[in-house]
Amino acid sequence: MRYNNLDAIFFTSANFNESHDAFIKHIENELSKTKGNQLILISLVDEWGKENILSDAFYEHITKYNSPHLSYITFDFHEYCKGLQFGNVLILLQLLDEKYLLREMRFCWINTETNTMLSEQTSVFRINCVDCLDRTNVVQAAIAKTILEIMLKKVGLLDFDEGGLNGHAKRIFQTMWADNGDAISRQYAGTDAMKVRQSNE
């Protein structure tokens, strides 16, 4: 779906209530997939101009739903990362780290010798954007890399003193994520996900 005429979008109480029913159904479906019943919503939508209409509406749905199972964070991607400054996604990662959302997410870890569960994933990230796979992929790649580093340190495959993935492991991750982003982007837009390629280089 393309939102080329956002000026034409307006919300009455009638259509807000109708869309809120759909919002609840979607959120509760997402929550049902998590063991800890926690959903972290990250909005990359512009907080000004035409996209702000959707940003405000999404926020209204979240506040009306008013659930302790939701965490909502806004990150105006175009504002923070303008001029191809994709490294500024670190600002978002720092915020997630300060709120312990990355570490508290945990991950599935099973001791295959004793068939016991050592750790379970307790939350899911949901990235919200507007007609732009590239923005979403840049942020998802950054979050995925951070979570992977946490996992590798926990299982003893990465030293706690190391800053993160490096060398061969980093190249494998970057290639895998970029190829995945390109495959999805070609289905969605007919082109490769250029921002992911650029941010990984």
Side-chain angles (χ1 to χ4, degrees), residues 27 29-45 62 67-77 80-81 84-129 132-185 193 195-201:
I27 292 298
N29 178 60
E30 294 298 306
L31 285 171
S32 69
K33 301 174 184 177
T34 68
K35 184 71 175 179
N37 209 29
Q38 292 292 322
L39 190 61
I40 303 162
L41 307 173
I42 299 177
S43 175
L44 307 180
V45 176
I62 292 170
S67 170
H69 300 295
L70 298 184
S71 297
Y72 178 58
I73 295 171
T74 61
F75 183 78
D76 188 332
F77 187 94
Y80 281 102
C81 301
L84 303 180
Q85 298 298 312
F86 302 128
N88 288 340
V89 170
L90 283 175
I91 297 171
L92 173 62
L93 295 179
Q94 289 168 357
L95 177 61
L96 295 173
D97 187 55
E98 289 171 6
K99 295 181 176 293
Y100 302 103
L101 295 174
L102 291 171
R103 298 185 185 279
E104 289 184 356
M105 177 183 182
R106 304 173 70 180
F107 56 93
C108 181
W109 182 7
I110 300 174
N111 184 328
T112 55
E113 293 182 358
T114 60
N115 197 33
T116 55
M117 183 75 70
L118 302 177
S119 174
E120 289 186 84
Q121 183 173 331
T122 60
S123 60
V124 171
F125 283 92
R126 182 193 183 280
I127 313 298
N128 202 53
C129 198
C132 184
L133 183 66
D134 284 342
R135 275 184 279 183
T136 303
N137 262 339
V138 170
V139 171
Q140 286 183 335
I143 292 174
K145 179 175 177 289
T146 303
I147 295 295
L148 177 60
E149 290 166 351
I150 292 172
M151 293 170 64
L152 293 176
K153 288 178 181 179
K154 284 287 187 180
V155 299
L157 295 177
L158 188 64
D159 196 309
F160 273 91
D161 294 329
E162 293 185 48
L165 294 180
N166 53 55
H168 185 57
K170 184 177 181 180
R171 287 192 295 274
I172 291 174
F173 173 83
Q174 289 175 333
T175 300
M176 176 185 68
W177 197 272
D179 288 346
N180 177 66
D182 286 342
I184 296 173
S185 183
K195 285 182 181 175
V196 174
R197 289 287 180 187
Q198 293 167 356
S199 63
N200 280 335
E201 291 173 355

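When reading the values below, keep in mind they use all heavy atoms of this one structure, side chains included, and skip hydrogens, waters and symmetry mates. Numbering of residues begins at 1 and proceeds along the displayed sequence.
More than 12 heavy atoms of other residues, nucleotides or ligands lie within 6.0 Å of CG in D159, so this atom counts as buried by the packing criterion. The local environment of NZ in K153 is crowded, with over 12 non-hydrogen atoms from other residues, nucleotides or ligands closer than 6.0 Å.
Contact check for L152 versus L165: side-chain heavy atoms found under the 4.5 Å cut-off. Between V139 and R135, every side-chain heavy-atom pair lies at or beyond the 4.5 Å cut-off. Between H69 and Q38 there is a side-chain heavy-atom pair separated by less than 4.5 Å. A heavy-atom distance below 4.5 Å is found between the side chains of V89 and F77. Inter-residue side-chain proximity for L44 and I127 is flagged as met; some heavy-atom pair is nearer than 4.5 Å. Here the side chains of I62 and I27 are not in contact, with every heavy-atom distance at 4.5 Å or above.
With rounding to the nearest 0.5 angstrom, the CG atom of L90 is 11.5 Å from the CD atom of Q85. Atom-to-atom distance recorded for I73:CD1 and L92:CG is 6.5 Å, nearest 0.5 angstrom. Atom-to-atom distance recorded for R126:CZ and T136:OG1 is 9.5 Å, nearest 0.5 angstrom. Once rounded to the nearest 0.5 Å, the distance linking CD of Q174 with CZ of R171 reads 9.0 Å. Considering CG of N111 and OG1 of T116, their distance stands at 4.5 Å, rounded to 0.5 Å. Between atom CG of residue N88 and atom CG of residue L93 there is a gap of 11.0 Å, rounded to the nearest 0.5 Å.
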Could you please spell out the steps behind the side-chain contact (heavy atoms from CB on, under 4.5 Å) verdict for L41 and N128?
CA-CA 7 Å; L41 307 173; N128 202 53; over 6 Å; no

Set out, in order, the CA-CA distance, both residues' side-chain angles and the distance that settles side-chain contact (heavy atoms from CB on, under 4.5 Å) for F75 and L95, then state yes or no.
CA-CA 10 Å; F75 183 78; L95 177 61; over 6 Å; no

Candidate pair T146 and D97, rule side-chain contact (heavy atoms from CB on, under 4.5 Å), full reasoning:
CA-CA 10 Å; T146 303; D97 187 55; over 6 Å; no

Set out, in order, the CA-CA distance, both residues' side-chain angles and the distance that settles side-chain contact (heavy atoms from CB on, under 4.5 Å) for M105 and F125, then state yes or no.
CA-CA 9 Å; M105 177 183 182; F125 283 92; 3.5 Å; yes

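Checked by atom type and distance alone, the side chain of S123 never pairs as donor or acceptor with a backbone atom of T34 at under 3.5 Å. With hydrogens and angles disregarded, a donor-acceptor distance shorter than 3.5 Å links the side chain of S119 to the backbone of F107.
We find that E149 and K145 are joined by a salt bridge, their nearest charged nitrogen and carboxylate oxygen being less than 4.0 Å apart.
Classified by interplanar angle (parallel below 30°, tilted 30° to 60°, perpendicular above 60°), the ring pair F173/W177 is parallel.
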